[in-house]
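Every chain is numbered from 1 and lettered A, B, ... according to where its sequence line falls, protein lines coming before strand lines. Just so you know, these numbers come straight off a predicted model, no measurement behind them. Note that these values count all heavy atoms, side chains included, but never hydrogens, waters or copies made by symmetry.
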Amino acid sequence: MVAITLPDGNLRHFDRPVSGADLAAAIGPGLAKAALAVKVDGVVKDLATVIDRNAHVEIVTRSHPDALDLLRHDAAHVMAEAVQELYPGTQITFGPATETGFYYDFARNEAFTPDDLEKIEARMREIVDRDESIAREIWDRDQAVRWFREHGEQFKAEWVSEIPAEEQISIYRQGEWLDLCTGPHLPSTGKLGKAFKLMKLAGAYWRGDPKNPQLQRIYGTVWPDDKQLAQYLHQLEEAEKRDHRRLGREMGLFHFQEEAAGSVFWHPKGHTLYRMLEGYIRTRLGRAGYVEVKTPQLIDRSLWEASGHWDKFRENMFTAETEDRVLALKPMNCPGHVQIFRQGITSYRDLPLRMAEFGSCHRNEASGALHGLMRVRQMTQDDAHIFCMESQIEAEAVAFCDLLQLVYRDFGFDEVHVRFSDRPAVRAGSDAVWDRAEASLRTAVEAAGLPYVVNPGEGAFYGPKLEFVLRDAIGREWQCGTLQLDFVLPERLDASYIGEDGAKHRPVMLHRAIFGSLERFAGILIEHYAGKFPLWLAPLQVVVATITSDADDYAAEVKAALDAAGLRAELDLRNEKITYKVREHSLAKVPVLLVVGKREAEGQTVAVRRLGGKEQEFLALGEAVHRLSVEAASPAA
RNA sequence: GCCGUUGUAGCUCAGGGGUAGAGCAACUGAUUCGUAAUCAGUAGGUCGGAGGUUCGAAUCCUCUCAACGGCACCA
């Protein structure tokens, strides 16, 4: 007897083990047709899976939340089958579902072209029409290795032979094609449907290691129906419209050019945004007890040798030579800050010492890594190092997490992903010190109320770190803030303080940043706001636009009043229709338009039009200026 | 750095061996018109850069630079 509990609470009894398909058929013919898989006690399995004990079972159909992963994974298999039919000799390697679709990595000597994608897609549709049945088989390990070798699948053969001995070798066969896979899968290729699209070609290393052969990856997306596919493609278009590189150009914020790859030319408007951000965070840091310093751009190689950067970070550093010395452009501010700390004698009473710098750092990033403002070679960090005693770590870390959340909230980032990166295999410092460091950091992140995921072994060689990750408009994640504990640099650069006991002690350093880099954060904000900045950040806040030249004199008065209130305003006296002016300034994403004509001039009023708004508000000039200047205040003010 | 793709006017793009084209933007003139495009005209490019093939190269070949999409790396 098998008792199966359905999601609606109904209980079904069977006198012998029953497959998912049988169960669906027993419930109803419609469901039997729609069934893609079964979820047994919370685990999704093939429809053919035999349930031989009492269980809670759901039938997974296209509309089920778990259907998407099945479709994605199956689409990868169908694509691989199509590719091998069309391009014999191509080896299959690995092809998982992703957050928005799927990919499959192939090994083939000739490069796939964008035209090939169309052919592959067409063949995939044929395979769906063939409705090949998909079945799971358990193979003997040696048999599997032999089979893949004989069929020229070197990568698969390697993979199989490395599967742990206690695991079964599970093979999925669809039609005449087969692949090593843990599943689960759809019952047949016809169930995949045709709401898929191959998106792009890319290179990828076998097992993610640059030392391994490079494979060709084909990305695709798949959805339960055409409508959702169209919706997804539309979303991508919308995301593209708010790409910071595009908005940066359209709004005249910044540009890049070949001669300075990876470095930003900030235009007046973009630099206004930059200055607002810098001013904001400076205020926040000052209030949190930080002092601000400035340290040299070029420092002799001997200091970088002492700090360990010459050894660990050399390939990312730009160097310069003069006379017989080698200097390096600083990639980080920390060694400079230790030099300031070392001036004179520091008492435990001076700790914690929070030393901030808007340091312009240069890092020679790989050319392929450069990406608009998000990844540059010259960046300015909102950097600071907190020198403290070990006993102060936790309080400082908690205070930092609070400050960081306060800042992120000011920009509307309510969801922050936190990664906790713990001790790496290669590290400095004793295990006891690491135990303490990790424990204090964990306590801090928990005390700050931040959910986090552990990122095992990804900490810096000198200490564990927290990474604070924001997500951009196109779904890419960017690390912004960071908090790192460092027991090594104070030692290497011989920083010390005099303790209560009158003896010398090593301080601990906390490396921390909230924006990360001003460049990246600006880029994220441009995408986050889609260029429609809140008033305090908008490079140009108000345009005063006249209806006819009769209002020119009054418009100048309005502009003067805005200037006096410290608002960033421009005057538009051009001989153009007001509709033209409204359109132009709307496209330029100016937050506030003050329209003045004869009526306003006579009544000393303004017609306030908000970006994107349909309504106008008629206010007395003084009232309008007052309201706008209140609204334009920085959240840190 | 690796793989693939792309570089033509400020922007979006067409042209594909016989020495460059459109739309928008810009500029000039006219229009004084109350909330997302007034009309007319003018100007603008050594076709990313360097070599080569050719009587002739934006177009074909080689190298190189940059950008884009990934991979790897990272704020």
Side-chain angles (χ1 to χ4, degrees), chain A residues 103 105 108 111-114 116-117 199-219 240 243 245-246 249-250 252 255-262 313 315-316 331-332 361 363-377 379-383 458 465 467-470 474 476 478-482 484 511-521 523-524 545-552 573-588 593-600 607-616:
Chain A
Y103 66 79
D105 288 345
R108 176 176 182 240
F112 289 113
T113 67
D116 292 335
L117 293 192
M199 304 294 286
K200 56 198 174 193
L201 286 161
Y205 301 107
W206 170 239
R207 299 181 155 191
D209 188 335
K211 289 194 284 287
N212 287 338
Q214 187 148 28
L215 308 169
Q216 297 186 66
R217 176 171 297 180
I218 302 178
Y219 281 94
E240 206 176 301
D243 187 305
R245 293 164 299 186
R246 175 183 175 137
R249 187 179 56 235
E250 288 174 356
H255 85 272
F256 290 91
Q257 65 187 53
E258 283 194 26
E259 293 85 346
F313 213 69
E315 60 182 25
N316 285 300
M332 299 181 190
C361 293
R363 295 184 190 172
N364 195 1
E365 300 291 346
S367 56
L370 301 179
H371 182 95
L373 294 177
M374 305 303 201
R375 196 75 183 273
V376 292
R377 287 194 174 131
M379 58 159 169
T380 311
Q381 294 177 304
D382 61 321
D383 196 17
E458 292 297 313
K465 59 180 176 182
E467 294 168 8
F468 302 88
V469 177
L470 299 179
I474 329 176
R476 284 180 291 216
W478 296 100
Q479 186 192 323
C480 293
T482 185
Q484 312 174 3
H511 305 240
R512 39 108 298 156
I514 296 175
F515 288 162
S517 83
L518 281 153
E519 289 80 3
R520 174 177 293 177
F521 201 75
I524 288 169
T546 51
I547 291 176
T548 68
S549 55
D550 293 339
D552 284 4
L573 303 181
R574 290 175 305 171
N575 181 10
E576 295 289 353
K577 286 166 67 168
I578 192 62
T579 51
Y580 180 89
K581 295 185 184 182
V582 166
R583 177 180 155 82
E584 232 190 17
H585 297 120
S586 299
L587 289 174
L593 201 54
L594 297 185
V595 176
V596 296
K598 227 182 278 183
R599 290 205 297 266
E600 286 75 15
V608 183
R609 186 194 163 101
R610 297 283 178 160
L611 177 56
K614 295 268 184 282
E615 302 296 312
Q616 307 139 52

Trainee: Do the side chain of N316(A) and the main chain of E365(A) share a donor and acceptor less than 3.5 angstrom apart?
Mentor: no
Trainee: Nearest-Å distance, CG (L370(A)) to P (rG69(B))?
Mentor: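 Distance, rounded to whole Å: 12 Å.
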Trainee: Could you tell me whether the phosphate oxygens of rG69(B), OP1 or OP2, come under 4.0 Å of any side-chain nitrogen or oxygen in H371(A)?
Mentor: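 For rG69(B), OP1/OP2 do have a side-chain N/O of H371(A) under 4.0 Å.
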Trainee: Below 3.5 Å is the cut-off: list the nitrogen or oxygen pairs between protein and nucleotides 45-48 of chain B, distance only.
Mentor:
none

Trainee: Which residues pass the side chain to side chain contact (heavy atoms under 4.5 Å, CB included) test with L611(A), sequence neighbours left out?
Mentor: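 Result, side chain to side chain contact (heavy atoms under 4.5 Å, CB included) vs L611(A): K532(A), S586(A), K589(A).
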Trainee: Which whole number of Å gives the distance between the C1' atom of rA14(B) and that of rU8(B)?
Mentor: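 Roughly 10 Å separates the two C1' atoms.
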Trainee: Within the 4.0 Å heavy-atom criterion, would you say A204(A) contacts the bases, only the backbone, or no part of the nucleic acid?
Mentor: sugar-phosphate
Trainee: Roughly how far apart, to the nearest Å, are rA50(B) and rC11(B) at atom C1'?
Mentor: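 Result for the C1' pair: 28 Å, nearest Å.
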Trainee: Return the 5'-most residue of the pair G516(A), Q616(A) with respect to RNA chain B, ranking by each residue's nearest nucleotide.
Mentor: Q616(A)
Trainee: Can you tell whether the side chains of R207(A) and D209(A) come within less than 4.0 Å, N to carboxylate O?
Mentor: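 So R207(A) does not pair with D209(A) through a salt bridge.
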Trainee: Would you indicate, yes or no, if rU38(B) has its OP1 or OP2 atom less than 4.0 angstrom from a side-chain nitrogen or oxygen of T579(A)?
Mentor: yes
Trainee: What distance, rounded to whole Å, do you find between the two P atoms, one in rG16(B) and one in rA58(B)?
Mentor: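 Going atom to atom, P in each nucleotide, I get 15 Å.
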Trainee: C1' atom, rG44(B) versus rU28(B): distance in rounded Å?
Mentor: 14 Å
Trainee: Look only at the side chain of E584(A) and the backbone of K581(A), and say whether a donor-acceptor pair between them is shorter than 3.5 Å.
Mentor: no
Trainee: State whether the side chain of R363(A) and the backbone N or O of P331(A) hold a donor-acceptor pair below 3.5 Å, judged by distance alone.
Mentor: yes
Trainee: Looking only at atom types and distance, does a side-chain atom of K598(A) sit under 3.5 Å from a main-chain N or O of T548(A), one as donor and one as acceptor?
Mentor: no
Trainee: How long is the line joining CG of L470(A) and P of rA75(B), in whole Å?
Mentor: 14 Å
Trainee: Does a side-chain N or O from Y205(A) land closer than 4.0 Å to OP1 or OP2 of rG70(B), or not?
Mentor: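 No, outside the criterion.
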Trainee: Between rG48(B) and rG15(B), how many Å separate the two P atoms, rounded to a whole number?
Mentor: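 Looking at atom P only, rG48(B) and rG15(B) are 15 Å apart.
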Trainee: R207(A) side chain N/O closer than 4.0 Å to the phosphate oxygens (OP1, OP2) of rC71(B)?
Mentor: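 It does not, given that no N or O in the side chain of R207(A) lies less than 4.0 Å from OP1 or OP2 of rC71(B).
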Trainee: Please determine whether a side-chain nitrogen or oxygen atom of Q216(A) lies at a distance below 4.0 Å from atom OP1 or OP2 of rC3(B).
Mentor: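 It does not, given that no N or O in the side chain of Q216(A) lies less than 4.0 Å from OP1 or OP2 of rC3(B).
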Trainee: Any donor-acceptor pair under 3.5 Å linking the side chain of S517(A) with the backbone of R520(A)?
Mentor: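 Judged by distance alone, yes, a pair lies under 3.5 Å.
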Trainee: In whole angstrom, give me the gap between the P atoms of rG45(B) and rC65(B).
Mentor: 28 Å
Trainee: Using the C1' atom on both, measure rC60(B) against rA22(B) and round to a whole Å.
Mentor: 27 Å
Trainee: Show me the dot-bracket string of RNA chain B, counting Watson-Crick or G-U pairs under 3.5 Å, with | for pairs to another strand and [ ] for crossing ones.
Mentor: (((((((..((((....[..)))).(((((.......))))).....(((((..]....))))))))))))....
Trainee: Distance between the C1' atoms of rA25(B) and rG10(B), in whole angstroms?
Mentor: 7 Å
Trainee: Report the residues that fulfil ring pair (Phe, Tyr, Trp, His ring centres under 6.0 Å) with F515(A), sequence neighbours left out, ordered by chain and then residue number.
Mentor: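 Expected list: F411(A), F521(A).
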Trainee: Check nucleotides 9-13 of chain B against the protein and report each pair of N or O atoms closer than 3.5 Å, with its distance, or say if there are none.
Mentor:
unit_1: rU12(B); atom_1: OP1; unit_2: R249(A); atom_2: NH2; d: 3.3

Trainee: Reading nucleotides 22-28 of chain B from the 5' end, what letters show protein touch, with B for base, S for backbone sugar-phosphate only, - for no heavy atom under 4.0 Å?
Mentor: -------
Trainee: Please pick, from rC71(B), rU35(B), rC68(B), the nucleotide with the shortest atom-to-atom distance to any side-chain atom of A607(A).
Mentor: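 Nearest listed nucleotide: rU35(B).
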Trainee: Any idea which of rC73(B), rG34(B), rC33(B) is nearest the N575(A) side chain?
Mentor: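 From the listed options, rC33(B) comes nearest.
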